[in-house]
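Throughout, protein chains are lettered first and strands after them, A, B, ... in sequence-line order, and every chain is numbered starting at 1.
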Amino acid sequence: MGKLTRERGLILAGFVLILAYPWGVSAVGQPFLIGLGTRILVMGLAAASLDLIVGFGGMVSFGHAAFFGIGGYAVGILAFHAHEDTAFLGLIPGTNQALVAWPAAFVLGGLAALAIGALSLRTAGVHFIMITLAFAQMLFFLFVSLKTYGGDDGLSFRPRNLLPGLDTRDETSFYYVVAALLIGFLVLARRLLDARFGMVLRGVRENERRLAALGIPPYGIKLAAFALSGAVAGLAGALMANQVRFVSPELLHWTKSGDLLIMVILGGLGTLYGSVLGAAVLILLETVLAAWTEHWMIVLGPILVALILFARGGLWGVLAGTRRS
Amino acid sequence: MLLAEQILNGAQFGIMLFLLAAGLTLVFGIMGLINLAHGSLYMIGAFAAAWAGDRTGSFLAALVAGTMAAAIIGMIVEAAVLRRLYARDHLDQVVATFGLILFFNEAATMLFGRQPLFARMPPWLAGSVELLPGVPYPAYRLAIIAVGLLVALGLYLLVARTRLGMLIRAGNSDREMVRALGVDIGLVYTLVFGLGALLAGLAGVMAGPVFSVQVGMGEQVLILTFVVIIIGGIGSVRGAFIGALLVGMVDTLTRAFLPGLLKTLLSTSDADAVGGGVSSMAVYLLMAAILLWRPRGLFPAHG
Amino acid sequence: MTALLEAQGLVKRFGGLVATNNLSLDVQAGECHALIGPNGAGKSTLIAQLAGELPSDAGSIRFDGQDVSRLGMAARARRGLVRSFQITAVLPEFTVLENVALAVQARLGRHYGFWRRAAGQPALRDPARQVIEDIGLTARAGAKARELAHGEQRQLELAMALATEPKLLLLDEPMAGMGSEESRRMVALLQRLKGRVSMLLVEHDMDAVFALADRVTVLVYGGAVATGTPAAIRADPVVMEAYLGTDDGGWEGAA
């Protein structure tokens, strides 16, 4: 049970770190870093939802940012209409209520994933990678063309979505809302992965042919997982939109999809918690390198290449002592 | 008349996509490598050509500089990095080549700054040619089409008639067998990659005077190239050709005519907005439609 | 009596190569029918066609009274026509118990459970434990499949197929790569299954074939050259000619 205890210890440490973070940065006199923490948690949520299908289901999607962006725009568009006191398509009134906007983002992300997945999951491998990339790009252009909602320049809005009983404008309160949602997702996802649905999903990654030979048609499970992961990404997008009070087509840019994949791999494919770690490392790396040199990407690029070529298993595996061969 | 001009524009854009797609689909079909940095080779060709053209004032120098830079840098990258990725799974390939893009983009920014570069058009191609009475068309764009068709012919002859082409076709279907025959598969791979890089660089050189030469130009065109390959079928040069022309035509013609058509139904500003939006999505909608009908593309190379 | 499995006129071409050449075959309920032939005869191709993994170019397949020619592998498996693989296809990161439990889950057909741990559900766990015990892998139930020895993996391969409670098992060289002791145990296991499960058994090991088979079909170049009891096949001159010059060891020495 040695390695299990180490992994459990790591999870506990992460949990404590997440909860203590706002207090910690305030104590050292850097409270503005709470916002950075929130962004890390949001990207961690988006990356973890991607790990669900890539790390556990073996479906390499290069278009995950599309669902992230759709969720963000759901919040942005509803906020816009609330502010203008108009209705979306003349039918749906705007709203600032989180309890309306966030489920909307979740559902819309899920529906978009259902549509794209239905078509894309008829293929596999490199076809699937390119097709998901192409569909995400299509949605990117869609949002660029929506001049009413800012087009290329994006859409800023205020205030943050309102939650009953909490002041979401307070950085610390909002941080804890995001943390609760992230932790909730991780708990639910972990249960899902050990349940019947999760066993089939993981079986798909292990040997899809075997599943068919047993009589399990994989398509339905893959599509359901893909849709679920898109829905969670949509929720993450809604949270990001709230954090920065701004949405733009950049949320759907293919480089964002690339960033999410990097976070998953950095943390460790199929570890779930590793994705949060990967998000933290990538964002912190970007922040630190950017402060050092304007051309930090010239360093990040080769670092990534080297990581892929030489380091296997991801950071979570290294820290938890569990390495997959 | 406007239609004829736009059709030619579509063909010209399609031809350029073909130059990129041919290399990418060969590399994918033969080495099993998905290479996101292919767009960077296009960018390198454009930048090298613009820089050389600026220094020497000669288009020929620019052409040589651009294609050679792309080919050489391509082969170096293949030997240093990509070679280790052939055996890896696609996810690793995607992320590693993504890292290469970041590196090349930043390197270009450091060398040339963030402003677009000016690439001069060769003066002897700066005029127009009258294809039909009253239909002038820029000579340069016609030259692009001509070059592209020559390349297509050349590739066909290469793949169908030469020993290298035979190895390419064999490698496409059975890598192990080719290796077993004692052929140095590593050399074949490097040559194929070099060829693809050269074509990408050539596309970049030709694109320079027409599109702007700036960092990030590779990625925009890369995704369209992927669409071409998905439509045409991975591993098929013929598919790349047909797919590229389809994509070029659909993209150009919808952008040119859709807003106008919509003006009969909607207000002018709405027509422009909707027309613009739909035409940028048109290619992807085409791809979706073709995938519904043929999930592996129009001419999938078997295996 | 209608056969459990009836294949008529099956053809499969790969470009210019005819792998399955107008082959007809039947398996009676309760029978163990062996399929033998020199290397390259097309045995694995035939299994893939019968299982539904490879679509046939011509011919029909009837299983349990129904035409299944158009059905895919998963659909045929759900009807009880289940295959095992020559090259072990277990799920490496799953434990032995999890592998077999998944096969049980496949039989039960309900996959959209999201909350309860699959491994803890008696409906999955108990039948899986039973199959694992029948196979003889109880000691290794908690080990990951990739940690198993080759012979144990072949046993797991069979266990997964059995856990689906098939009507007909398509066994593609179940003893591939096994040593003689392990093979003996596998043969004993298959003997216990005889009568309970119908089997179409592809094998090179002639001792196993003679110990298990009720009937034997000999496949050469994608066509069936003879079908009959093991004794009749052994004496058939056509069959002997097909085997002369090949090193399908043990033919002459099989007793």
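- Neither the backbone nor the side chain of A/F143 comes within contact range of chain B, judged by heavy atoms closer than 4.5 Å.
- When heavy atoms are compared at a cutoff of 4.5 Å, A/V126 approaches chain B by way of both its backbone and its side chain.
- For chain A, no part of B/A282 is nearby; none of its heavy atoms comes within less than 4.5 Å.
- Ranked by heavy-atom pairs under 4.5 Å with chain B, the list A/G258, A/A134, A/A306, A/S145 is led by A/A134.
- Note that the OG1 atom of A/T255 and the CG atom of B/L102 stand 8.5 Å from one another [nearest 0.5 Å].
- Checked options B/V227, B/I223, B/L222; the residue passing with A/L133 is B/I223 (criterion: side-chain contact (heavy atoms from CB on, under 4.5 Å)).
- Between the CG atom of B/L292 and the CG atom of A/L119 there is a distance of 5.0 Å, given to the nearest 0.5 Å.
- Contacts of A/V54 with chain B are made by side-chain atoms alone, with heavy-atom separations under 4.5 Å and no backbone atom involved.
- With values rounded to the nearest 0.5 angstrom, A/M59 atom CE is found 13.0 Å from B/L91 atom CG.
- One finds the CZ atom of A/F135 at 4.0 Å from the CE atom of B/M287 (value rounded to the nearest 0.5 Å).
- Comparing B/L285, B/L100, B/V94 by heavy-atom pairs within less than 4.5 Å of chain A, the highest count is held by B/V94.
- Here B/H90 contributes atom NE2 and A/H127 contributes atom NE2; the two are 10.0 Å apart, rounded to the nearest 0.5 Å.
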Passes side-chain contact (heavy atoms from CB on, under 4.5 Å), A/F62 versus B/V95? Steps please.
CA-CA 10 Å; A/F62 207 129; B/V95 176; over 6 Å; no
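- A 6.0 Å sphere centred on CD of B/Q115 holds no more than 12 heavy atoms belonging to other residues, nucleotides or ligands.
- Of all heavy-atom pairs spanning A/P302 and B/F103, the tightest one is CG-CD1, 3.7 Å.
- At a 4.5 Å heavy-atom cutoff, B/L224 makes no contact with chain A through either its backbone or its side chain.
- In this structure, B/F98 has its ring center closer than 6.0 angstrom to the ring center of A/W254.
- Heavy atoms of A/I131 lying under 4.5 Å from chain B belong to its backbone as well as its side chain.
- Contact count against chain B (heavy-atom pairs under 4.5 Å) is highest for A/I129 among A/I129, A/T123, A/I116.
- Interface remark: of the candidates A/K147, A/R122, A/M138, A/M138 forms the most heavy-atom pairs closer than 4.5 Å to chain B.
- One distance of note links OG1 of A/T132 with CZ of B/F226; it measures 10.5 Å at 0.5 Å rounding.
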